[in-house]
Amino acid sequence: MTIGLRPTATIFLVICAAVTIFMAAGSADESRPLPAPAKRAVDFAKDIKPLFRDTCYKCHGASKKESGLRLDRRDDALNGGDGGPAFVAGKSAESLLIKYVAGLDPDVVMPPEGDKLSDDQIGLLRAWIDQGAKWPEGE
Ligand code: HEC
């Protein structure tokens, strides 16, 4: 009897442990804090454009537009890429671009290679989006 039950009990315990670990990992992920938006007024030409140029144009610019997204031209950037709008003015925490640069999606992190953006850089991007994602014509 007991000999027959043991493997079943063991499998049950292993499954319980796996589920517990899985749930713990999942909740840790969700609570990973997003860097806070910068508190100052953000200027597109001074603060955001150089950041996009240095870290994103290579793959989202004139020569390549990965996933249909260009970040070097106002109208293209506002339209977003194959996955829809990259950012929604006023809603940085829900914006795809912020999710990706902050690494909230374990499968897609932007930029995908090289140094990740710093918390300060993510904070600037968040503040820019929250302050209306102002992108002057001609920039
Ligand atoms: C080395 C190339 C590379 C660089 C640099 C890069 N990306 Fe990407 N990006 C990609 C690729 C490839 C995809 C498609 C990824 C996927 O969907 O799995 C993508 C997709 C995206 C998307 C989703 C577009 C959509 O609509 O599907 C966003 C938003 C994005 N990148 C933002 C950025 C930002 C912001 C930067 C700069 C901080 C950046 N990326 C830098 C290669 C790059």
Side-chain angles (χ1 to χ4, degrees):
M1 259 294 259
T2 42
I3 291 163
L5 271 178
R6 240 176 228 152
T8 322
T10 310
I11 289 168
F12 178 73
L13 282 175
V14 167
I15 290 172
C16 283
V19 167
T20 309
I21 291 167
F22 182 77
M23 284 170 64
S27 60
D29 248 358
E30 276 163 29
S31 64
R32 183 162 34 185
L34 206 52
K39 294 214 164 54
R40 64 179 175 84
V42 175
D43 181 79
F44 178 79
K46 256 193 281 161
D47 300 313
I48 304 301
K49 191 178 171 184
L51 201 163
F52 281 163
R53 187 181 49 221
D54 295 347
T55 55
C56 316
Y57 279 13
K58 190 168 76 159
C59 301
H60 299 289
S63 47
K64 258 197 209 172
K65 44 176 198 166
E66 294 286 5
S67 209
L69 180 65
R70 278 187 76 158
L71 290 170
D72 63 329
R73 290 200 309 205
R74 180 178 185 274
D75 291 351
D76 294 291
L78 297 180
N79 281 332
D82 300 342
F87 49 84
V88 180
K91 297 186 176 168
S92 69
E94 292 158 39
S95 293
L96 194 58
L97 187 151
I98 297 298
K99 274 187 202 161
Y100 286 176
V101 294
L104 294 192
D105 181 339
D107 297 326
V108 187
V109 181
M110 291 294 141
E113 51 192 45
D115 289 340
K116 303 290 158 231
L117 297 194
S118 68
D119 284 2
D120 284 350
Q121 289 174 314
I122 297 168
L124 273 177
L125 285 169
R126 286 200 64 189
W128 172 65
I129 293 171
D130 287 342
Q131 290 167 20
K134 293 189 200 91
W135 191 313
E137 292 276 359
E139 277 292 356

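For the single chain, residues carry numbers from 1 onward in sequence order.
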Under a 3.5 Å distance rule, please check whether [X] uses its side chain to pair with a backbone N or O of [Y] as donor and acceptor.
{"X": "His60", "Y": "Leu69", "value": "yes"}
{"X": "Gln121", "Y": "Leu51", "value": "no"}
{"X": "Gln131", "Y": "Arg40", "value": "yes"}
{"X": "Arg126", "Y": "Pro35", "value": "yes"}
{"X": "Lys91", "Y": "Asp130", "value": "no"}

Practice task
Spell out, yes or no, whether Val88 and Trp128 are grouped together once hydrophobic residues are joined by side-chain heavy atoms under 4.5 Å, including indirect joins.
Solution key: no
Exercise for the section: Check the hydrophobic clustering (I, L, V, M, F, W, Y; side-chain heavy atoms under 4.5 Å; chains of links allowed) and say if Val109 and Leu71 are grouped together. Expected result: no
Where is the tightest heavy-atom contact between [X] and [Y], given as atom of each residue plus distance?
{"X": "Ala102", "Y": "Leu34", "answer": "CB-CD1, 3.4 Å"}
{"X": "Val42", "Y": "Ala127", "answer": "CG2-CB, 3.5 Å"}
{"X": "Gly132", "Y": "Ala89", "answer": "O-CB, 3.6 Å"}

Would you compute the distance between atom [atom1] of [X] and atom [atom2] of [Y] and round it to the nearest 0.5 angstrom?
{"X": "Ile122", "Y": "Lys116", "atom1": "CD1", "atom2": "NZ", "value": "10.5 Å"}
{"X": "Leu124", "Y": "Ile48", "atom1": "CG", "atom2": "CD1", "value": "5.5 Å"}
{"X": "Leu97", "Y": "Cys56", "atom1": "CG", "atom2": "SG", "value": "7.0 Å"}

Handout entry: Given Arg70, Lys65, Glu66, Met110, the one that forms side chain to side chain contact (heavy atoms under 4.5 Å, CB included) with Cys59
Key =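 Going through the options one by one, the only one that passes is Glu66.
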Handout entry: Beyond-backbone contact of Leu117 with Pro111, side-chain heavy atoms, under 4.5 angstrom
Key = yes
Handout entry: Sub-4.5 Å side-chain heavy-atom contact between Tyr100 and Asp105
Key = yes
Exercise for the section: Mark yes when over 12 heavy atoms from residues, nucleotides or ligands other than Asp115 sit less than 6.0 Å from its CG; otherwise mark no. Expected result: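 No, the 6.0 Å shell around CG holds no more than 12 heavy atoms from other groups.
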Completion exercise
For Glu139, the side-chain contact (heavy atoms from CB on, under 4.5 Å) test, sequence neighbours excluded, returns Phe44, Ala45, Lys49, Trp135, Pro136
